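Working notes for the structure below.
This one's a predicted model, so the numbers in the text were calculated from it and none came from an experiment. No hydrogens, no waters, no symmetry mates; every other heavy atom, side chains included, goes into these values. Convention: sequence-line order gives letters A, B, ...; per-chain numbering from 1.
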Amino acid sequence: MLLLAVLQSEPGHGYAVIQRLAEASGGAFDLPEGTIYPALHRLERQGRLASREVEFEGRRRRVYEITAAGRQALVQHVDEWRSFSVGIGRTLEAAG
Amino acid sequence: MSIDPIEAYLRKLRRHWRARRRRGRLAAEVEDHLHSAAQDLEARGLPPDEAMREAIARFGDPPLDGASRWTGGKAWIVAAVAALVAIAAAVAFVSSSQAPSTSGSSAPQHIPREQQEAPRLKHLDEFARAIATCHVA
C-alpha cells in the first residue's frame, strides 16, 4: 500500500521509493532498504506496477510506475486501512 | 588491487544467485541502489569507503535464498508479530486506563480528558505505523 502511495504521483526507482517513504513518514520506517525489491517485484507480478530499465550514470536503473490496476488497489487499501484505524481508535476511546 | 565494499557485496550476491533467472535484473537494482545511497552519504560528508559500508548496512542482508524467499517467507512472521504487539498494546491501554478509576478519587481528576488521551493516541499512532509496514506490499 505504501509503495503504491509513494509511486502514485510520479515513477521512481527503488532507492527513490525508499527516500520518499522515509521523507513522507518522518523517518518512522526503519526497514532494511533491500526488502523493498521483493515487494516491488511482487507488485509488478500482480500488475499493480510496471517497470522499465533506463541508463543512469552508466548504470542500469529500473524505474517503477503505478498502473491503473495499482491505483484502483491503492484506493481500496487506503479505504480498508482508514476503517481499520478508525475502528481501533473507537475501541480504545470506548474502553478508556 | 582490492575491490571496494559494494563490489565485494555484489560478488557475494551473484555467487548465490548463479542459478537464478532474475539475478541479472535484481543484481542491477542492488548495484544502482548501493551506489545511489553511497553517493548520497558521500555528499553528506562521509568518506567514500565509509559511505559504501553504510549503504550496505542500510540495505541489509543479501537475499541468500533468492529474491522470492527474501521476505516472502518471513512476511507472515512480521504480520503475526505486529498483530500480537497490537493486541498486547490494546490490552495494556485498556488496563492502564481502568486502573486509576478504581483506585480512588485522590488521583488528579482535574486533568482534562484530552490531555490524558494524548500520549496514548500518540502510541496508537506509532503502532499503527508499525502495522502499516506489513502493508508495504
Side-chain angles (χ1 to χ4, degrees), chain A residues 1-6 13-19 21-22 25-46 48-49 51 53-64 73-74 77-78 80-82 84-86 88-89 91-96, chain B residues 9 13 22 24-37 39-40 55-63 66-75 78 86 89-91 93-98 101 113 116-117 120-121 123-137:
Chain A
M1 171 170 80
L2 296 173
L3 298 189
L4 293 174
V6 298
H13 59 294
Y15 184 65
V17 169
I18 284 284
Q19 285 179 309
L21 266 181
S25 70
F29 300 119
D30 193 19
L31 298 168
E33 295 177 0
T35 57
I36 202 175
Y37 292 98
L40 287 171
H41 296 171
R42 192 161 58 244
L43 286 167
E44 190 176 11
R45 281 199 302 276
Q46 292 168 343
R48 293 170 181 180
L49 292 179
S51 77
E53 206 166 77
V54 298
E55 201 181 300
F56 179 80
E57 294 182 355
R59 301 196 294 265
R60 289 159 66 191
R61 168 166 286 179
R62 186 160 291 273
V63 175
Y64 293 86
L74 178 61
H77 283 321
V78 168
E80 282 167 6
W81 174 250
R82 288 207 171 119
F84 177 64
S85 170
V86 164
I88 288 191
T91 306
L92 291 174
E93 273 174 37
Chain B
Y9 185 93
L13 281 190
R22 291 164 67 89
R25 169 179 163 172
L26 186 50
E29 287 192 287
V30 176
E31 185 176 358
D32 181 41
H33 186 111
L34 293 176
H35 283 294
S36 302
Q39 280 170 358
D40 258 12
I56 292 166
R58 291 184 185 189
F59 193 82
D61 292 332
S68 60
R69 289 183 58 192
W70 193 357
T71 54
K74 291 178 190 158
V78 176
V91 169
F93 287 138
V94 170
S95 53
S96 71
S97 63
Q98 282 174 350
S101 61
R113 185 180 165 83
Q116 291 180 31
E117 290 295 325
R120 263 188 265 153
L121 291 176
H123 288 303
L124 168 63
D125 196 39
E126 277 163 12
F127 86 74
R129 277 192 228 141
I131 297 171
T133 60
C134 296
H135 284 253
V136 157

Minimum heavy-atom distance A:R60-B:D32, with the two atoms named: O-CB, 3.6 Å
NE2 on B:H35 to CZ on A:R59, rounded to 0.5 Å: 6.0 Å
Minimum side-chain heavy-atom gap A:I18-B:R58 below 4.5 Å: no
From OH (A:Y37) to CZ (B:R25), nearest 0.5 Å: 11.0 Å
Straight-line distance of A:E57 CD to B:Q39 CD, nearest 0.5 Å: 5.0 Å
Chain B contact via A:R61 - which portion, at a heavy-atom distance below 4.5 Å: both
Contact summary for B:G60 and A:P32, nearest pair of heavy atoms: CA-CB, 4.0 Å
Interatomic distance, B:E29 atom CD to A:E53 atom CD [nearest 0.5 angstrom]: 8.0 Å
For B:S36 against A:Y15, the heavy-atom pair lying closest together: CB-CD2, 3.5 Å
